[in-house]
Amino acid sequence: MDNIKLSYYEFLDGLSDEDRELLRVFFREFDLNFSLSKAEKRAFRQDFEEAITVLCERGASVREACERLSLTNLGGFYARPSIAWFPLDDAAKIYPICLEHGLQNNFRISVYFKEEVVPEILQMALTFTIKRFPGFSTSLKKGFFWHYLDAVKKRFPVEEERDAPCQPIKVSISGSSSFRIMYYRNRMSAEFFHILTDGTGASVFVKALAGEYLRLLGINSADEDGDLIDIHETPTKEELENAFVKVEKAATGSGFVDKSSLQMSGKLSSARPCRVLHFKMNKDKLHEAAKRHGVTVTVYLLAKMFLATSAACDELTGDINIQLPVNMRKFYQTKTLRNFAMFTGIKIPIDKISDTDELFSEIVRQMEEKTSKEKMHEMITAAVNIVSSIRYIPLVIKAPVAKLVYGFIGENIYTTTLSNLGIVKMPKEYSEHIESMDFCLGAPLLNRLACAVVTFGDITTFSVTKMTPDPTFEEKMYKYLSDDGIEIKVEGSEYYAH
Amino acid sequence: MHIDITYPPKERGGFNRRRLLHILRWPFIALAISCPIVNLAIGGPAWCIIALLVLHVVWTLVFSPDLVEYNRTSQSIKIVAYVCILLTLIDVLLAPGWASFVVPIVCFSGLAIVATLFFTDLETQKHNMLPLIIFIFLSIIGSSLYLSIWHEKDFWPFIVLDSLSVVLIISFAIILGADFKRELKRRFHVK
């Protein structure tokens with residue numbers, strides 16, 4: 001830090017009087033924008049100084065740097081004390097109740113740029129972006145009946161990645177945030193505790209952050225297709241709403257309870273996760289392979305997962321049940337950036353799993369039936385009814401009971417998960433500077449792995465978060481996909497063992 | 001299948017609380033089971049209840065601290081509350097006759113210390129006041145009940161506790177103003 005500070009003063013020494021005057025004017029009204037402690041203000045000021053230095057070193061003039069980093073980008077966000085608060089949405093309410101040391105429901109979205117990440121600029125991008133996402137600029141608190149999110153105005157630091165992906169985020173300390181932004185080489189990663197948002201909401205944030213980062217680096221885009229949220233707009237109430245309660249209740253609610261499913265046979269690792277792998281494939285090749293079977297990419301990947309899972313499972317009888325999160329936004333009109341997803345399970349007896357067209361047709365049949373609007377409507381109704389019926393019970397009483405029930409109906413009923421975030425789009429000018437993206441689920445408790453898919457540009461990334469050293473699943477997936485003519489580049493972490 | 005490593009090596013030596021808890025859970029469970037068995041076997045007063053509570057206190061305060069709202073206010077209130085419960089249990093089960101005098105003294109001393117900690121870091125702690133508020137309300141209810149039922153016995157500690165609790169609530173309302181109202185609203189929401 002001292003080195004960087006010194007280099008800013010060295011940088012100042014090398015400037016003309018005119019440039020120094022520009023910087024003096026730039027920082028003249030700096031304090032007005034921050035109604036924070038002296039230490040926080042100092043940290044913010046240092047961020048600005050470092051960013052100006054880096055931009056000028058990269059060829060921008062002082063005027064350009066000041067324009068890009070203009071204080072108006074803060075939108076007065078830090079000039080006002082934090083008084084807002086947000087009740088958790090109906091899907092998020094269970095997550096803080098089920099928190100345990102080393103266990104947290106979180107997920108991660110990463111963007112791979114074509115050049116190494118510049119941390120000083122990423123820090124500024126985060127400072128400018130967070131104002132548009134007041135639901136993220138929060139700290140988890142415990143109420144008498146429910147947990148809630150308390151607005152926080154502080155510097156959210158970007159960190160260099162040093163640990164395994166999706167490690168628990170420390171949310172216990174006053175003002176601690178429920179997300180973190182990290183960088184490693186050309187990768188920018190955002191990890192979220194699920195209380196904040198789901199994959200869709202998180203992708204809106206990550207896109208906005210990546211866009212702002214590239215803008216600060218001098219890449220301009222008109223965003224004609226409206227792929228990005230405008231971070232200078234005022235956040236709307238709809239973006240912060242609990243969309244579950246807006247859905248009209250169905251006559252009956254159902255869909256949470258099911259019998260236990262098979263688990264893969266690999267030994268559970270104590271490192272959580274013990275490995276993360278990304279299968280990077282050409283989007284069109286994958287699409288063609290799915291088309292050959294007359295199915296969608298999700299169905300195609302599910303079929304391959306059923307085959308790989310059955311190979312990684314030594315049991316001869318029982319069901320393999322793959323959990324499939326369903327984005328409710330496709331059924332109900334909402335702009336919410338918070339959780340609005342339900343889930344279903346595609347279940348096939350292990351002895352009926354074979355590499356035939358029947359497997360595809362069975363998955364298609366179950367998906368049509370189980371992810372229908374009616375089924376999802378019933379599930380939302382059940383979720384809303386449960387939350388509503390226990391709302392007057394003090395948290396201290398309902399938390400242990402809810403934890404116990406969640407333990408019974410939780411992961412036991414699924415073998416693994418496939419979450420497909422779909423195609424993520426960025427404005428053309430920004431896309432040219434982005435290589436790919438990946439989407440990673442946090443380590444499961446009992447399931448041996450969890451899978452997630454995202455497509456950006458020409459690349460579809462299938463990620464596996466592993467909880468067992470047994471390599472059968474990924475080796476089989478690799479084989480099945482390669483056999484269908486899909487070229488795969490596998491990236492990932494080393495095996496993390498304690 | 002060739003794997004390109006694109007993640008940094010995990011830094012070694014990190015403290016893994018989950019593993020520690022996994023290891024420590026068994027001696028704690030063994031102690032929790034053996035205490036009542038030994039107590040039943042040798043007879044006498046039910047000291048195992050106190051032992052079980054002590055195990056719970058050690059577990060929750062030392063080994064498995066709160067995962068949400070771990071702050072000076074919540075932790076000090078937790079300690080004061082546990083001390084009061086333990087003293088009451090010792091009085092009821094082992095050595096009767098002094099808790100009604102000692103417990104309110106511990107309560108108001110604890111409350112005074114927590115209030116000092118609270119007001120010396122008001123900006124941060126005003127967002128952490130739920131445990132303090134609940135403790136104050138319980139103190140008011142408890143001391144009022146005691147004073148209305150057993151008013152002829154050593155009652156001055158209860159009067160001090162009652163007064164301190166009321167003074168603290170009024171201070172919160174005056175010093176924090178709208179923030180206090182907002183805090184109560186969000187802490188007791190049912191949405």
Requested in this report: Mind ranking Gly143(A), Ala164(A), Ser172(A) by heavy-atom pairs under 4.5 Å with chain B and telling me who comes out on top?
Outcome: Ser172(A)
**Report entry** Region of Ile83(A) in contact with chain B, defined by heavy-atom distances below 4.5 Å
**Finding:** both
Report task. Answer yes or no: does atom NZ of Lys126(B) have more than 12 heavy-atom neighbours from other residues, nucleotides or ligands under 6.0 Å? Result -> yes
Query raised in the report: For the candidates Lys489(A), Arg185(A), Arg108(A), which exhibits the highest count of non-hydrogen atom pairs separated by less than 4.5 Å from chain B?
Result: Arg108(A)
Query raised in the report: So what's closer than 4.5 Å to chain B heavy atoms on Ala84(A): side chain, backbone, both or neither?
Result: backbone
Query raised in the report: Val190(B) and Trp146(A): which non-hydrogen atoms are nearest, and at how many Å?
Result: O-NE1, 3.6 Å
Query - pair Glu69(B)-Leu140(A): side-chain heavy atoms closer than 4.5 Å - result: no
Query - Atom group of Lys170(A) that falls short of 4.5 Å from chain B, counting heavy atoms - result: neither
Report task. Answer with side chain, backbone, both or neither: which region of Ile134(B) has an atom nearer than 4.5 Å to a non-hydrogen atom of chain A? Result -> side chain
Query - Thr124(B) to Ser174(A) - nearest heavy-atom pair and separation - result: CG2-CB, 3.6 Å
Report task. Give, as side chain, backbone, both or neither, the part of Pro165(A) having an atom under 4.5 angstrom from any heavy atom of chain B. Result -> side chain
Query raised in the report: Mind checking whether Phe188(B) and Phe145(A) have parallel, tilted or perpendicular rings, split at 30° and 60°?
Result: perpendicular
Requested in this report: Would you mind checking which part of His189(B) comes under 4.5 Å of any heavy atom in chain A, side chain (CB onward), backbone (N, CA, C, O), both or neither?
Outcome: both
Report summary line: So, the part of Glu160(A) with a heavy atom under 4.5 Å from chain B: the answer is neither
Requested in this report: Please determine, among Asn242(A), Val171(A), Asp150(A), the option with the most heavy-atom pairs under 4.5 Å with chain B.
Outcome: Asp150(A)
Query raised in the report: Can any side-chain N or O of Arg187(A) pair as donor or acceptor with the backbone N or O of Thr6(B) at less than 3.5 Å?
Result: yes
Report task. Please say whether more than 12 non-hydrogen atoms of neighbouring residues, nucleotides or ligands are located less than 6.0 Å from NZ in Lys114(A). Result -> yes
Report task. Please answer whether the main-chain N or O of Leu67(B) pairs with a side-chain N or O of His101(A) as donor and acceptor at a distance below 3.5 Å. Result -> no
**Report entry** Centroid-centroid under 6.0 Å between His278(A) and Tyr7(B) rings
**Finding:** yes
Query - Residue Arg162(A) versus chain B: region with a heavy atom under 4.5 Å - result: both
Query - chain A contact via Glu183(B) - side chain, backbone, both or neither, heavy atoms under 4.5 Å - result: side chain
Query raised in the report: In terms of heavy-atom proximity below 4.5 Å to chain A, should Pro131(B) be classed as side chain, backbone, both, or neither?
Result: neither
Query - Residue Ile5(B) versus chain A: region with a heavy atom under 4.5 Å - result: both
Query raised in the report: Under a 4.5 Å cut-off applied to non-hydrogen side-chain atoms, are Arg275(A) and Ile3(B) in contact?
Result: yes
Query - Contact origin within Asp438(A) toward chain B - heavy atom pairs under 4.5 Å - result: side chain
Query raised in the report: Taking everything shown except Lys78(B) itself, do over 12 heavy atoms lie less than 6.0 Å from its NZ?
Result: yes
Requested in this report: Using atom types as modelled and distance alone, determine if a side-chain donor or acceptor of Arg187(B) lies under 3.5 Å from a backbone N or O of Lys142(A).
Outcome: yes
Report task. Measure distances from Lys479(A) to the heavy atoms of chain B and classify the residue's part below 4.5 Å as side chain, backbone, both or neither. Result -> neither
Query - Toward chain B, the part of Glu100(A) with a non-hydrogen atom under 4.5 Å - result: both
Report summary line: Heaviest contributor of heavy-atom pairs below 4.5 Å to chain A, chosen from Lys191(B), Arg186(B), Lys185(B), is Arg186(B)
Query - Which portion of Tyr495(A) sits near chain B, non-hydrogen atoms under 4.5 angstrom - result: neither
**Report entry** Other residues, nucleotides, ligands: >12 heavy atoms within 6.0 Å of Lys41(A) NZ
**Finding:** yes
